[in-house]
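Down below is the structure, laid out as structure tokens.
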Amino acid sequence: MKKTDIFWQTYLNLEKEAIEVSKYIFFTDEVLVNSKGKLVTQSCNSQLEVFSPHISDLLVRCCVQIEALSKELYFDNGGTKPRGDTSILFDEDCLKLIDIKWQTHNKEVLIVAPFFNFTKDENRILKPLKEAHKRQGTYWERAYQAVKHDRYSSLQKGNIKAFIHALAALYLLNIYYRNDSWVTKYQEISKQDYSMGSAIFSVKAPVADQPWYGNMPTLSESPFVVTYNDKDYQRIEAIQQKESQALSDYWSKQPELHEQAFLTQLRAALDREKSDPKQRVMHIWELAKYRLNKKIPATLPFEERKLLLINSEEWNGRIYQQNEHMSENELTEDNIQKAIDSVATCWGMELTQRYQKLEWLPIALDSQICRVYIP
């Protein structure tokens, strides 16, 4: 049996006992009250503050496991103090190293058990290792130290809230210690079960922020990240580079690059983008606008401009026609210029797609090549 299995089985045993406790104590943070003949919800902290010697025992057992597991992670991840050194502190040494490596202070544990009836985010979405690298920096550790060293006068601190938070911390440490990884499709990442076998908790799905550009992992509130397998990403990158070069070759051959009027228009568009990044400038789209406006200058009468526009290749282009657009009967003197620019932008997209066919996209989205793992 692997060490990870021993720690995980012990965690699952504690989880089962938490579920058993929830059969006799209603885990909730709100109650229903009768107000003027109507039932209304009211905030309630009393259930989280329920305490007993048994809950204190569960809290202590849970935190003993946190101490043991944090030390295993410390030894496995570059801790400088040797195993057996009695000066090792599970919080200031072990959890500090773990936090530096994985930013565990920012990782969220979600309570997903249907029999835990919490409604407030502060009770449903936990950061159980926030401040855990400090001596008694967390609610659960302060409670643990209190009931361990003075059970009689601190019994009330061994409550439901402290136990749940400690159990969430132990769950998260087990996630890191198990170090699970798997390969899936990009479109399936958010659909995975991130409870990892827990009946109470889950972690968040990793953020996969367009890994097809750079293939860099994105750190988030999840312990997991996503990247493509190296060889598969190299395939994607090679296709991207080929398409990018084809588009660059097309652009470099356009005669408008030597026309001052077009360069002035392009420079003005880039200046607008600097002042407002939402105005995304694509060079070929600007080229398409320039060309269509040359073909349909504002100096022509409205009816002539309208006729030229609706008979143009650009107006009848696939992208413009397949998307919601202005009809011929809706064109007026007031909106025709806006319509020309819109048609030209769609045509610019079509020109781009002739060279950037995005042949890498089905590989990136639909192939089972995304690795989900703990960095």
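For the single chain, residues carry numbers from 1 onward in sequence order.
When all heavy atoms are compared, the tightest approach of Thr138 to Glu131 is CG2-C, 4.0 Å. The shortest heavy-atom contact between Ile336 and Lys306 is CD1-N, 3.6 Å. What you find for Tyr355 and Leu351 is that their closest heavy atoms are CD1-O, 3.2 Å. Taking all atoms of both residues into account, the shortest heavy-atom contact from Ile66 to Ala169 is CD1-CB, 3.9 Å. Minimum interatomic distance between Ile55 and Gly158 (heavy atoms only, all atoms of both residues): CG2-O, 3.3 Å. Leu172 and Pro223 get closest at one heavy-atom pair: CD1-CG, 4.3 Å.
A salt bridge does not link Glu221 with Lys107: none of the charged nitrogens is closer than 4.0 Å to a carboxylate oxygen. Residues Glu259 and Lys294 are paired through a salt bridge, judged by an N-O separation under 4.0 Å between the basic side chain and the carboxylate.
Side-chain atoms of Ser35 do not come within 3.5 Å of backbone N or O of Val40 as any donor-acceptor pair. Judged by distance alone, with hydrogens and angles left aside, the side-chain atoms of Gln42 form no donor-acceptor pair with the main-chain N or O of Val31 at under 3.5 Å. The main-chain N or O of Ala339 is never found under 3.5 Å from a side-chain atom of Ser342 such that the two would form a donor-acceptor pair. A distance-only check finds a donor-acceptor pair linking the side chain of Trp102 to the backbone of Pro375 [under 3.5 Å]. In this structure, the side chain of Arg142 engages the main chain of Gln136 through a donor-acceptor pair within 3.5 Å. Checked by atom type and distance alone, the side chain of Asn335 pairs as donor or acceptor with a backbone atom of Thr332 at under 3.5 Å. Without hydrogens or angle criteria, Asn293 side chain to Lys289 main chain gives a donor-acceptor distance under 3.5 Å. Listed for the Asp276 side chain is no donor-acceptor partner under 3.5 Å among the backbone atoms of Arg272. When atom types are taken as modelled, the side chain of Thr227 and the backbone of Pro217 share no donor-acceptor pair closer than 3.5 angstrom. Remark: side-chain polar atoms of Asp29 are not paired, donor with acceptor, to backbone N or O of Cys44 under 3.5 angstrom.
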Apply side-chain hydrogen bond (donor to acceptor under 3.5 Å, both in side chains) to Ser327 and Asn329, showing your working. CA-CA 5 Å; Ser327 70; Asn329 294 332; 5.3 Å; no
Where do Tyr233 and Trp212 land on the ring pair (Phe, Tyr, Trp, His ring centres under 6.0 Å) test, with the steps shown first? CA-CA 7 Å; Tyr233 181 66; Trp212 46 82; over 10 Å; no
Stepwise, does the side-chain hydrogen bond (donor to acceptor under 3.5 Å, both in side chains) test hold for Asp249 with Gln245? CA-CA 6 Å; Asp249 291 344; Gln245 186 60 52; 2.8 Å; yes
Evaluate the criterion side chain to side chain contact (heavy atoms under 4.5 Å, CB included) for residue pair Arg291 and Glu256; output intermediate values, then yes/no. CA-CA 9 Å; Arg291 286 176 175 171; Glu256 288 87 351; 2.8 Å; yes
Determine, step by step, whether Arg235 and Ile363 satisfy the side chain to side chain contact (heavy atoms under 4.5 Å, CB included) criterion, reporting the C-alpha distance in whole Å, the side-chain angles of both residues, the deciding distance to 0.1 Å, and the verdict. CA-CA 9 Å; Arg235 287 173 58 208; Ile363 301 172; 3.6 Å; yes
Test side chain to side chain contact (heavy atoms under 4.5 Å, CB included) on Lys120 and Asn45 and set out the steps. CA-CA 11 Å; Lys120 298 177 183 176; Asn45 290 321; 4.1 Å; yes
Tell me, with the steps shown, if Asp99 and Lys96 meet salt bridge (charged side-chain N to carboxylate O under 4.0 Å, His left out). CA-CA 5 Å; Asp99 186 56; Lys96 182 177 181 179; over 6 Å; no
Derivation and outcome, side chain to side chain contact (heavy atoms under 4.5 Å, CB included), residues Glu141 and Arg135: CA-CA 8 Å; Glu141 190 189 347; Arg135 194 68 174 158; 4.1 Å; yes
I'd like to know whether Gln192 forms a side-chain hydrogen bond (donor to acceptor under 3.5 Å, both in side chains) with Thr184, so could you lay out the CA-CA distance, the side-chain angles of the two residues, the decisive distance to 0.1 Å, and finally the verdict. CA-CA 9 Å; Gln192 307 285 314; Thr184 187; 3.1 Å; yes
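Interatomic distance, Leu58 CG to Ile160 CD1, rounded to the nearest 0.5 Å: 8.5 Å. Here the NZ-CG distance, from Lys127 to Asn106, works out to 4.0 Å after rounding to the nearest 0.5 Å. The line from OG1 of Thr264 to CD of Gln260 is 4.0 Å long, rounded to the nearest 0.5 Å. Separating the CZ atom in Phe51 from the CG atom in Leu59 is a distance of 13.5 Å, to the nearest 0.5 Å. With rounding to the nearest 0.5 angstrom, the CD atom of Glu350 is 9.5 Å from the CD atom of Glu314.
For the pair Arg178 and Trp8, the cation-pi test (distance below 6.0 Å, angle within 45°) is passed. At least one cation-pi condition fails for Arg305 and Phe302: the charged atom is not both under 6.0 angstrom from the six-membered ring centre and inside a 45 degree cone around its axis.
Around the NZ atom of Lys148, the shell of radius 6.0 Å holds more than 12 heavy atoms that belong to other residues, nucleotides or ligands. Within 6.0 Å of CG in Asp230 there are 12 or fewer heavy atoms belonging to other residues, nucleotides or ligands. In Met282, the CE atom is crowded: over 12 heavy atoms of neighbouring residues, nucleotides or ligands sit closer than 6.0 Å.
Residues Trp285 and Leu292 fall into different hydrophobic clusters, defined by Ile, Leu, Val, Met, Phe, Trp and Tyr side chains chained together at heavy-atom separations under 4.5 Å. Two different hydrophobic clusters hold Leu97 and Ile374 under the rule that ILVMFWY side chains link at heavy-atom gaps under 4.5 Å.
Note: Phe201 and Tyr171 have tilted aromatic rings, judged against thresholds of 30 and 60 degrees for the angle between ring planes. Taking the six-membered ring where tryptophan is involved, the planes of Phe90 and Trp140 are tilted, since the angle between them lies from 30° to 60°. Relative orientation of the Trp315 and His325 rings is perpendicular, given thresholds of 30° and 60° on the angle between their planes. Note on ring orientation: taking the six-membered ring where Trp is involved, the planes of Tyr177 and Phe7 are perpendicular (angle over 60°, cut-offs 30° and 60°).
Looking only at side-chain heavy atoms (C-beta outward), Cys62 and Tyr11 stay at 4.5 Å or farther from each other. Counting only heavy atoms from C-beta outward, the side chains of Thr345 and Tyr320 never approach each other to under 4.5 Å. Inter-residue side-chain proximity for Gln187 and Asp366 is flagged as met; some heavy-atom pair is nearer than 4.5 Å. Asp5 is listed as a side-chain neighbour of Lys2, based on a closest heavy-atom distance under 4.5 Å. Annotation: side chain of His54 is in contact with side chain of Glu17 (closest heavy-atom distance under 4.5 Å).
If you look at Phe224 and Trp182, their ring centroids are closer than 6.0 Å.
In summary, of the residues considered (Leu69, Leu73, Asn77, Ile88), a side chain to side chain contact (heavy atoms under 4.5 Å, CB included) with Cys94 occurs for Ile88 alone. Between His283 and the options Phe262, Trp251, Tyr290, a ring-ring contact (aromatic ring centres under 6.0 Å, His included) holds for only Trp251. Residue Ser70 is tested with Leu129, Asp91, Ile98, Leu170 for a side chain to side chain contact (heavy atoms under 4.5 Å, CB included); the sole match is Ile98.
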